[in-house]
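On a predicted model such as this, the values are computed, not experimentally measured, just so you know. Position 1 is the first residue of the sequence, and the numbers go up from there.
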Amino acid sequence: MMNLRDELRAAVERAMHAVGLPADCQALLTPATKAGFGDYQANGAMGAAKRAGSNPRELAQRIAAALDIGELVERVEVAGPGFINIHLSRAFLAARLQAVAADPRLGIAQAEHPHTVVVDYSAPNLAKEMHVGHLRSTVIGDAVVRALEFCGDRVIRQNHVGDWGTQFGMLIALLEERGATGESVGKTALADIEGFYREAKGRFDSDPAFADRARDYVVKLQAGDAHCLSLWQSFIEMSAAHSEAIYRALGVTLTRADLKGESAYNTDLPVVIEELRQSGLLQESDGARVVFLEELRDREGNPQAVIVQKADGGFLYATTDLAAARHRARNLHADRILYFIDDRQKLHMQQIFAISRRAGFVPETTTLEHHPFGKMLGEDGKPFKTRAGGTVKLAELLDEAVERAARLLEERNDALTASERAEVARIVGIGAVKYSDLSKARTSDYVFSWTQMLSFEGNTAPYIQYACSRVTSLLKRAGLEGIAPTTAPIALEAAEERALALKLLQFSEALTAVTLEAWPHLMCAYLYELAGLLMRFYESCPVLKDDVPAELRESRLALAAVTGRTLRQGLELLGIEVPERM
């Protein structure tokens with residue numbers, strides 16, 4: 001999409017080429033960070049001058065003189081050793097914002113040439129309940145998916161769940177002991193999926209006879225034994241239903257149709273091995289089949305060995321992941337394949353990508369993107385656990401978020417009815433958990449804090465949700481129902497109005513950061529800054545006071561309305577609801 005920053009970057013680079021600089025010289029355009037230094041700053045002249053052996057300030061002045069941006073810019077200044085400060089025209093900002101305010105999509109055009117994007121995210125283990133370790137992949141992946149679809153791409157969700165292997169042999173063995181049938185699996189295990197798994201794992205580790213039976217059941221399951229498959233399928237359905245309930249509570253768009261578990265690739269695994277052999281990549285090492293990667297060497301300089309089939313004929317996670325990449329490129333015809341998998345899997349993903357390229361499973365025209373994320377930590381700086389040191393179940397975390405939000409709302413607003421408070425508490429509590437995660441840089445660990453995430457101040461969901469509700473309240477007091485596109489003329493007389501207009505026109509820049517780089521935290525930062533500018537606008541620019549002229553009143557109502565729509569749209573792309581009242 002072409003946004004304001006892209007327009008300016010292109011104009012500066014045209015000017016750079018016009019003064020004789022090479023075509024690969026870049027504008028290095030960034031939003032200005034200090035008042036008085038313009039709205040955007042181009043910093044490319046200094047690097048270009050070094051290459052050309054010329055004076056950077058003189059070169060910057062030549063570039064500024066060659067700039068041809070029409071009515072877009074009010075003035076251009078050269079500062080310091082060669083910074084080009086660009087001040088946008090107030091008239092241009094008003095005209096552009098008026099067009100955005102009248103557009104149901106806030107000026108965001110859908111892609112003319114949409115991509116097919118396969119997104120691998122969430123990926124719980126269907127033998128267990130979802131826990132906090134699944135939160136980051138789930139909410140970050142879903143935010144990126146929503147943004148991609150909003151921009152017109154065809155998105156194929158792939159919930160690559162763990163639904164195969166030794167763990168299910170253990171579960172089937174325990175189900176068999178209890179005389180379970182396919183119809184009674186739910187009664188046998190549903191009451192406590194996690195407890196049932198722990199019991200099966202304990203027996204597997206301590207009882208050799210049970211472990212042998214579990215391994216036998218794995219063999220039978222993989223061979224298609226009807227009884228084992230019936231028990232397995234019933235457990236999968238039960239566990240998948242649990243995950244779906246979590247997704248509904250979280251407001252995540254994953255459905256049963258998006259499940260693509262490890263079992264789906266079972267018949268493809270021998271084919272993957274054969275194609276690796278035909279491509280000359282397969283070697284034997286101690287009976288196992290291995291791919292050696294020259295491009296990934298260990299500390300001693302030896303090529304890394306990736307085992308794709310064990311000596312006993314069994315397959316590994318790597319084999320399944322190769323089959324999945326192959327399927328996504330060949331059968332789903334992906335232009336991009338995005339993986340939201342934690343940062344501990346960085347080496348594994350590098351190996352999968354390297355083999356997929358060398359074997360021809362994924363062509364060079366398809367991008368393979370691992371978007372890793374850090375851990376959720378407790379306030380003690382250690383991995384987030386229960387007080388007893390156990391894993392925090394995601395369902396219990398969400399219930400607690402809603403309960404805490406309800407108590408907070410009871411203290412803040414006694415005008416809400418009990419049913420209204422319950423609904424607002426759900427929206428605020430779930431939104432706070434999601435936003436707290438999404439607002440942190442994806443690659444960083446972050447500290448989970450109830451106090452911080454439910455605060456009505458700072459970069460939190462409640463703060464931005466409250467800003468949205470203030471716009472709704474203002475428009476209702478003005479006799480307007482809902483926040484709809486408007487064609488009312490917009491004038492930017494006050495500095496606070498101009499600052500708000502400029503930030504509104506940068507919405508597409510924040511959206512691009514999500515769709516191209518998978519950085520939802522930049523959308524969060526944008527919404528927080530926008531909400532802050534809205535609050536300053538409220539404080540400095542009266543809207544409904546009797547002494548405000550009618551035209552100015554309509555302009556400010558339009559400015560508030562488009563701000564409210566942008567905040568709501570941004571939160572919606574993050575998967576966060578907005579209550580009408582708070």
(message) For a 4.5 angstrom cut-off between non-hydrogen side-chain atoms, does Thr443 reach Asp343?
(response) no
(message) Counting C-beta onward and ignoring hydrogens, is there a side-chain heavy-atom pair between Lys260 and Gln158 closer than 4.5 Å?
(response) yes
(request) Spell out, as yes or no, whether a donor-acceptor pair under 3.5 Å connects the side chain of Thr566 to the backbone of Val562. (result) yes
(request) Please check if the side chain of Ser439 supplies one atom and the backbone of Tyr435 the other of a donor-acceptor pair under 3.5 Å. (result) yes
(message) In the structure I gave you, are the side-chain heavy atoms of Tyr121 and Ile140 within less than 4.5 Å of one another anywhere?
(response) no
(request) Only counting residues at least two apart or in another chain, list the ones meeting ring pair (Phe, Tyr, Trp, His ring centres under 6.0 Å) with Phe150. (result) none
(message) Holding to side-chain hydrogen bond (donor to acceptor under 3.5 Å, both in side chains), I want the full list of residues that pass it with Glu493, two or more places apart in sequence or in another chain.
(response) none
(message) Counting only heavy atoms not in Glu551 (residues, nucleotides, ligands), do more than 12 fall under 6.0 Å from its CD?
(response) no
(request) Could you tell me whether the side chain of Leu552 reaches within less than 4.5 Å of the side chain of Glu497, counting heavy atoms only? (result) yes
(request) Please name the pair of heavy atoms, one in Arg565 and one in Pro485, separated by the smallest distance, quoted to 0.1 Å. (result) NH1-CA, 3.5 Å
(message) Given Tyr247, which partner from the list Asp258, Asn159, Thr253 fulfils the side chain to side chain donor-acceptor pair (under 3.5 Å) test?
(response) Asn159
(message) Under a 3.5 Å distance rule, please check whether Ser555 uses its side chain to pair with a backbone N or O of Ile490 as donor and acceptor.
(response) no
(request) In plain terms, say whether Arg536 and Glu496 are close enough for a salt bridge, that is, a side-chain N and a carboxylate O under 4.0 Å apart. (result) no
(message) A side-chain contact here means heavy atoms from C-beta on lying under 4.5 Å apart; do Ile156 and Val117 qualify?
(response) no
(message) Listing request: all salt bridge (Lys or Arg N to Asp or Glu O under 4.0 Å) pairs with a residue in residues 239-251, at least two apart in sequence or in separate chains.
(response) Glu244-Arg256
(message) So that I know where these two stand, are Tyr528 and Tyr463 an aromatic pair - ring centroids less than 6.0 Å apart?
(response) yes
(request) Sequence neighbours left out, what passes ring pair (Phe, Tyr, Trp, His ring centres under 6.0 Å) with Phe92? Give chain and number order. (result) none
(request) Sequence neighbours left out, what passes salt bridge (charged side-chain N to carboxylate O under 4.0 Å, His left out) with Arg5? Give chain and number order. (result) none
(message) Donor-acceptor pair, distance only, cut-off 3.5 Å: does the side chain of Arg90 make one with the backbone of Leu492?
(response) yes
(request) Would you confirm whether Arg442, through its side chain, and His521, through its main-chain N or O, come within 3.5 Å as a donor-acceptor pair? (result) no
(request) Verify, without hydrogens or angle tests, whether Asp335 (side chain) and Thr116 (backbone) share a donor-acceptor contact under 3.5 angstrom. (result) yes
(request) Name all pairs fulfilling the salt bridge (Lys or Arg N to Asp or Glu O under 4.0 Å) condition that reach into residues 445-460, sequence neighbours left out, sorted by first residue then second. (result) Lys375-Asp445
(message) Strictly by salt bridge (Lys or Arg N to Asp or Glu O under 4.0 Å), give each pair with a member in residues 426-439 just once, sequence neighbours left out.
(response) Arg136-Asp437, Glu423-Arg426, Arg426-Glu577
(message) Main chain of Asp163, side chain of Trp232: is a donor-acceptor contact present, judged purely on distance under 3.5 Å?
(response) yes
(request) Flag yes if more than 12 heavy atoms outside Tyr466 fall under 6.0 Å of its OH atom; otherwise flag no. (result) no
(message) I'd like to know whether CZ of Arg498 has more than 12 heavy-atom contacts from other residues, nucleotides or ligands below 6.0 angstrom.
(response) yes
(request) Measure up the Tyr526 and Phe507 rings against each other and bin them: parallel (under 30°), tilted (30 to 60°), perpendicular (over 60°). (result) tilted
(message) Measuring only between side-chain heavy atoms, which start at C-beta, is Leu574 closer than 4.5 Å to Cys524?
(response) yes
(message) Show the nearest heavy-atom pair for residues Leu148 and Leu338, with the distance to one decimal.
(response) CD1-CD2, 4.4 Å
(message) Please enumerate all residues that pass ring pair (Phe, Tyr, Trp, His ring centres under 6.0 Å) together with His370, with sequence neighbours excluded.
(response) none
(request) Sequence neighbours left out, what passes side-chain contact (heavy atoms from CB on, under 4.5 Å) with Lys545? Give chain and number order. (result) Pro542, Asp547, Val548
(message) Any non-hydrogen side-chain atom of Asp342 less than 4.5 Å from a side-chain atom of Gln345?
(response) yes
(request) Write down the atom of Leu259, the atom of Ala240, and the distance for their closest heavy-atom approach. (result) CD1-CB, 3.9 Å
(message) Does any part of the side chain of Tyr339, heavy atoms only, come nearer than 4.5 Å to the side chain of Val119, both counted from C-beta?
(response) no
(message) Enumerate the salt bridge (Lys or Arg N to Asp or Glu O under 4.0 Å) contacts for residues 462-475, please, sequence neighbours excluded, ordered by first and then second residue.
(response) none
(message) Checking Phe384 now: which residues fulfil ring pair (Phe, Tyr, Trp, His ring centres under 6.0 Å) with it, not counting sequence neighbours?
(response) Phe448
(request) Quick one: list whatever passes side-chain contact (heavy atoms from CB on, under 4.5 Å) with Ala488, sequence neighbours left out. (result) Thr486, Ala558
